[in-house]
Amino acid sequence: MQFKRIKILMLILFFLLDIFLLNWWRSGEVSQERVTDANTDIISEMKKQKIKLPKFGTSLHYSSYVAAQYGDRREMSLPAGLDVSTGATNTNTVFAKFKRDLFKKNGTGSDESVLSTYSTGYQFNPVLTANKTNRDRVYSQRVEGLPVIADSGIMTFQYNKSGKPVGFTKRQLVNIERLRDDRATITEEEAIISLYRYNEIDSGDSLSKGYLSYDRTLTVNGYDIFLPVWAFEAYSGNEKYVLKINAFTGDNLSE
């Protein structure tokens, strides 16, 4: 008899637990719907203010903190065909000029194929390149699948007035370590909304597509610590500048 009562009591408890979990799940769904509606309202408000937005993504990404050290330029492997500066005081940077006979006079295709040899492990960075006031093109080292936008992980190709590459500067991160497991980042849409809330973009401004990237935060025991950020190029009248949002917290990291 006692066993039967306990069994009935357990069934009631399980039933109440199911109701609680169902209501909790529904409340979460409603909350997410409200967030989505709020984001839509803010995006609409930005468009009313003539802010030009890119075709942004709403997908979640996963990333982690990483630690890395500056690479010594004397240990960087470089292809032939370079005049490398050896008198520079900065031991973390390669200053190189291309020899005159390195490029053939048969179009830009050959230039790009040669440059790809020197930029192995790096990818073209449209945000940092757009921020330049000259013909330079910026490439970012890829770390844990993301491009680095800090100076310590980029290489910059210099071009002459004729549009021909004449040399580059290169910095490289080494001894890269992931500090924790991957966690979800905010979406590109949420990063754009954060920029608006922090008054980084205003009426009539234009915003480039956002790129999830790694940026330096601090230095601990000889290692630089990097976290994922959303990076954008913004245009306001004749001015242009890079905007950054912490991809974990949504905090403004723009300078």
Side-chain angles (χ1 to χ4, degrees), residues 35 39 42-43 46 51-71 92 121-132 136-156 170-202 205-220 223-236 239-255:
V35 170
N39 288 350
I42 295 173
I43 293 295
M46 295 172 70
I51 298 175
K52 297 179 181 178
L53 300 176
K55 185 177 180 180
F56 52 80
T58 57
S59 300
L60 286 176
H61 300 270
Y62 292 83
S63 189
S64 64
Y65 289 96
V66 297
Q69 293 179 309
Y70 283 39
N92 303 123
Y122 292 70
Q123 71 177 52
F124 176 69
N125 193 308
V127 170
L128 297 183
T129 298
N131 200 47
K132 289 289 185 181
D136 290 359
R137 292 167 64 88
V138 182
Y139 285 67
S140 289
Q141 183 178 353
R142 288 189 66 83
V143 171
E144 295 291 334
L146 297 181
V148 175
I149 61 173
D151 289 342
S152 51
I154 66 173
M155 65 184 303
T156 303
K170 178 180 180 180
R171 298 179 183 89
Q172 184 177 358
L173 295 173
V174 297
N175 301 327
I176 300 167
E177 298 181 14
R178 184 187 296 189
L179 298 182
R180 56 174 297 170
D181 293 336
D182 287 350
R183 55 183 282 199
T185 67
I186 63 174
T187 66
E188 182 182 2
E189 178 189 44
E190 291 169 330
I192 292 173
I193 290 172
S194 292
L195 288 174
Y196 182 67
R197 286 173 171 166
Y198 282 110
N199 297 317
E200 290 292 348
I201 44 181
D202 203 350
D205 290 353
S206 179
L207 198 66
S208 76
K209 178 175 176 56
Y211 291 87
L212 195 59
S213 313
Y214 268 123
D215 196 18
R216 177 185 173 279
T217 57
L218 50 87
T219 300
V220 178
Y223 278 83
D224 280 350
I225 310 302
F226 293 82
L227 85 160
V229 302
W230 280 102
F232 302 82
E233 179 71 17
Y235 302 85
S236 180
E239 297 182 6
K240 56 182 182 178
Y241 38 86
V242 176
L243 299 177
K244 296 178 289 186
I245 290 292
N246 186 319
F248 283 147
T249 64
D251 291 336
N252 186 21
L253 300 178
S254 306
E255 298 177 356

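Since this is a predicted model, take the numbers as computed values, not measurements. When a residue number appears, it is its place in the shown sequence, counting from 1.
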Would you say [X]'s side chain and [Y]'s backbone share a donor-acceptor pair under 3.5 angstrom?
X: S236; Y: D205; value: no
X: T129; Y: V138; value: yes
X: T217; Y: I225; value: yes
X: K240; Y: E233; value: no

Over all atoms of both residues, closest heavy-atom pair of [X] and [Y]:
X: L212; Y: P228; answer: CD1-CB, 4.4 Å
X: Y65; Y: L227; answer: CE2-CB, 3.4 Å
X: T187; Y: G57; answer: CB-O, 4.2 Å
X: L207; Y: P54; answer: O-CD, 3.4 Å
X: Y235; Y: A130; answer: OH-CB, 3.5 Å
X: Y196; Y: I42; answer: CD2-CG2, 3.8 Å

[X] side, atom [atom1]; [Y] side, atom [atom2] - distance, nearest 0.5 Å:
X: W230; Y: F56; atom1: CH2; atom2: CZ; answer: 11.5 Å
X: K52; Y: S208; atom1: NZ; atom2: OG; answer: 13.5 Å
X: I51; Y: I201; atom1: CD1; atom2: CD1; answer: 5.0 Å
X: I192; Y: M46; atom1: CD1; atom2: CE; answer: 6.5 Å
X: I154; Y: Y122; atom1: CD1; atom2: OH; answer: 9.5 Å
X: Q172; Y: S152; atom1: CD; atom2: OG; answer: 11.0 Å

Among all residues two or more places apart in sequence or in another chain, which pass the salt bridge (charged side-chain N to carboxylate O under 4.0 Å, His left out) test with [X]?
X: R178; answer: E144, D182
X: D224; answer: R216
X: K209; answer: E188
X: R137; answer: none

Legend entry - Worked verdict on S63 versus Y214 for side chain to side chain donor-acceptor pair (under 3.5 Å): CA-CA 10 Å; S63 189; Y214 268 123; 3.1 Å; yes
Inset, instruction - Output all residues satisfying side-chain contact (heavy atoms from CB on, under 4.5 Å) with Q69, sequence neighbours left out; order by chain, then residue number. - result: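 Only V174, N175, Y223 meet the side-chain contact (heavy atoms from CB on, under 4.5 Å) criterion with Q69.
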Legend entry - Derivation and outcome, side-chain contact (heavy atoms from CB on, under 4.5 Å), residues F226 and L173: CA-CA 11 Å; F226 293 82; L173 295 173; 3.7 Å; yes
Inset, instruction - Would you indicate whether Y241, at its atom OH, is surrounded by more than 12 heavy atoms from other residues, nucleotides or ligands within a distance under 6.0 Å? - result: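 Buried by this count: over 12 neighbours within 6.0 Å.
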Legend entry - R142, CZ atom: more than 12 neighbouring heavy atoms under 6.0 Å: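 More than 12 within 6.0 Å, yes.
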Legend entry - Verdict with supporting geometry, I149 and V127, side-chain contact (heavy atoms from CB on, under 4.5 Å): CA-CA 9 Å; I149 61 173; V127 170; over 6 Å; no
Inset, instruction - For the residue pair I176 and Q141, establish whether any side-chain heavy-atom pair is separated by less than 4.5 Å. - result: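 A side-chain contact exists here, since the closest heavy-atom pair is under 4.5 Å.
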Side-chain donor-acceptor pairs under 3.5 Å in residues 244-255, sequence neighbours left out?
unit_1: K244; atom_1: NZ; unit_2: D215; atom_2: OD2; d: 2.8
unit_1: N246; atom_1: OD1; unit_2: F248; atom_2: N; d: 2.8
unit_1: N246; atom_1: OD1; unit_2: T249; atom_2: N; d: 3.2
unit_1: N246; atom_1: ND2; unit_2: T249; atom_2: OG1; d: 3.3
unit_1: T249; atom_1: OG1; unit_2: D251; atom_2: N; d: 3.3
unit_1: T249; atom_1: OG1; unit_2: D251; atom_2: OD2; d: 3.0
unit_1: N252; atom_1: OD1; unit_2: S254; atom_2: N; d: 3.1
unit_1: N252; atom_1: OD1; unit_2: S254; atom_2: OG; d: 2.9
unit_1: N252; atom_1: ND2; unit_2: E200; atom_2: OE2; d: 2.8
unit_1: S254; atom_1: OG; unit_2: K244; atom_2: N; d: 2.9
unit_1: S254; atom_1: OG; unit_2: K244; atom_2: O; d: 3.4

